[in-house]
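Below, chains carry the letters A, B, ... as their sequence lines are ordered, and counting in each starts from 1. Quick caveat: nothing in here was measured; it's all calculated off a predicted structure.
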Number of protein chains: 2
Amino acid sequence: MDNQQIKDAGLKVTRPREKILGILERSGRRHLSAEDVYKELLTNGDDIGLATVYRVLTQFEGAGLVCRRHFETGQSVFELNSGDHHDHLVCVRCNRVVEFVDPMIEERQSAIAAQHGFHIEDHSLVIYGVCTDCAANA
Amino acid sequence: MDNQQIKDAGLKVTRPREKILGILERSGRRHLSAEDVYKELLTNGDDIGLATVYRVLTQFEGAGLVCRRHFETGQSVFELNSGDHHDHLVCVRCNRVVEFVDPMIEERQSAIAAQHGFHIEDHSLVIYGVCTDCAANA
DNA sequence: TAGCAAGATGCGAAAGCTTCTCAGTTGTCT
DNA sequence: AGACAACTGAGAAGCTTTCGCATCTTGCTA
Ligand SMILES: [Mn+2]
Ligand SMILES: [Mn+2]
Ligand SMILES: [Zn+2]
Ligand SMILES: [Zn+2]
C-alpha cells in the first residue's frame with residue numbers, strides 16, 4: 001500500500017501526500033513539474049495548495065521516494081524513484097523523454113572522477129535532440 | 001582584436017560589450033554567473049547595469065562567443081566558447097570546476113541517440129562530487 | 001473514544017534569478 | 001556633422017520556488 005511508503009518516510013499520511021503520490025504513480029513514464037502535479041490535483045477536484053505540492057515533493061525527494069530532475073526548461077520535474085539510476089534523452093521540440101542506462105558511460109564517469117581525485121556523488125547526463133516523430137513533421 | 005569578434009556577431013562595439021568580453025577572457029578557467037560579471041564590473045569602476053550584463057551575455061551566447069552552463073546552483077554560469085566541446089566535474093562543497101572530454105562517452109552518446117531515433121543536438125554531462133581539497137578538510 | 005501535541009496545510013507574502021519596458025544615449029554609415 | 005537604428009541603465013515585472021503563520025489533522029495516549 002502507498003501509505004506504507006509515506007509512513008516509512010517518517011511522514012504522516014495526509015490527503016495531499018496520498019494524492020500526490022497517486023498522481024506520480026499513475027503518470028507512467030512522464031516527468032511532471034510541480035505545476036503539472038498541482039493542475040492535475042485541481043482537475044481531480046482536490047483543493048491542495050501549490051506550496052504544499054512543492055513541500056511534499058521535496059519531502060518525498062528527501063525520503064528517496066521521488067527524483068528531481070533539472071532539464072533546461074526553467075523548472076524542475078519529478079518522477080517516482082524506480083530504484084535504478086538512469087539518464088535522459090529529451091526532444092527539444094516536443095519534450096518527449098526517453099530513459100536509458102549505459103554501463104560503459106557509467107564506468108567512464110567513475111574513472112574520470114577518480115582520475116581527478118573527486119569522490120563522485122551524483123551525475124546528470126541529458127542528451128538533447130529531435131525525436132523521430134518531430135523529425136518527420138519537420 | 002576583441003572588437004572584431006563583437007562586430008562579426010553583428011553587434012555594435014560598446015563599452016559594456018568590450019568590458020564584459022574582457023572579463024570573460026581574463027577569467028581563465030572560471031565559470032562566472034551574470035552576477036559575478038556584474039560585481040567585477042563594479043569593482044573596476046564600470047557603471048554598467050545588471051540588465052545589460054544579462055542582455056549582452058545572452059547575445060554573446062547567440063553569437064557563439066560564450067557558452068551558458070546550467071549546474072545545479074540555481075543560476076546560470078558563463079564561459080568563453082573555446083570552440084571545443086567539454087563536460088564538467090563540479091565539487092559540491094567548494095564549487096570548483098574541472099573540465100574534461102572523454103571520446104568514449106561522446107561516442108556512446110551518439111550511439112544511444114541514434115538507437116532511439118534521435119537526431120542529437122546537444123548534451124550536458126555534469127559529474128558532482130567532492131574534490132581532493134574538500135575531502136581533506138572534511 | 002476524547003484529548004493533546006507535534007506535525008501539516010493553505011494562503012499570501014517574499015525571495016532569487018532573469019527578462020522586459022522605456023526614455024534617453026551612443027555607434028555606425030553617409 | 002547628421003540621421004537613425006541600435007544600445008543602455010533603472011526599475012518594474014515575471015517566474016519558479018520558498019517562507020511565515022494562523023488554522024486544522026494525524027497519530028498517540030489515557
Ligand atoms: Mn526519468
Ligand atoms: Mn567549461
Ligand atoms: Zn519530439
Ligand atoms: Zn571542493
A correct 5'-to-3' footprint of nucleotides 24-30 of chain D, with B, S and - meaning base, sugar-phosphate only and no protein heavy atom under 4.0 Å, is --BS---
Pick out which of L42(B), L50(B), L32(B) makes a side-chain contact (heavy atoms from CB on, under 4.5 Å) with V37(B). L32(B)
CD1 on I120(B) to CG on L89(A), rounded to 0.5 Å: 7.5 Å
If you measure from CD1 on I48(A) to CG on L41(A), what distance do you get to the nearest 0.5 Å? 4.5 Å
Close side-chain approach of C94(B) and C131(B), heavy atoms under 4.5 Å: yes
List in numerical order all residues of residues 31-41 of chain B for which some heavy atom is under 4.0 Å away from an atom belonging to DNA chain D. none
Just wondering, more than 12 heavy atoms not from H119(B) lying within 6.0 Å of its NE2? no
N/O donor-acceptor pair under 3.5 Å between Y128(B) side chain and E72(B) backbone: yes
Value for CG (D87(B)) from NE2 (H123(B)), rounded to nearest 0.5 Å, stands at 4.0 Å
Whole-Å gap separating C1' (dT8(D)) and CG (L57(B)): 15 Å
Rounded distance (nearest 0.5 Å) linking atom SG of C67(A) with atom CG of L57(A): 12.0 Å
The correct set of residues in residues 43-55 of chain B placing a heavy atom under 4.0 Å from DNA chain D is D47(B), I48(B), G49(B), A51(B), T52(B), R55(B)
Roughly how far, to the nearest 0.5 Å, is CZ of F118(B) from CD1 of I112(B)? 12.0 Å
I20(A) side chain reached by V56(A) side chain, heavy atoms, under 4.5 Å: yes
Look up atom CG in N44(A) and atom NZ in K39(A), then write down how far apart they are to the nearest 0.5 Å. 14.0 Å
Ranges pairing with ranges for DNA chain D, where each run has three or more Watson-Crick or G-U pairs under 3.5 Å: C:1-30 with D:1-30
Going by ring-ring contact (aromatic ring centres under 6.0 Å, His included), name the residues that satisfy it together with H88(B), two or more places apart in sequence or in a different chain. H31(B), F71(B), H86(B)
Donor-acceptor pair, distance only, cut-off 3.5 Å: does the side chain of D8(A) make one with the backbone of Q5(A)? no
Any M104(A) side-chain heavy atom under 4.5 Å of E106(A) side chain: no
At a 4.0 Å cut-off to heavy atoms of chain A, the contacted part of DNA chain C spans dA6(C) to dG12(C)
Tell me if a side-chain donor or acceptor on R17(A) pairs with a main-chain N or O of K12(A) at a distance below 3.5 Å. yes
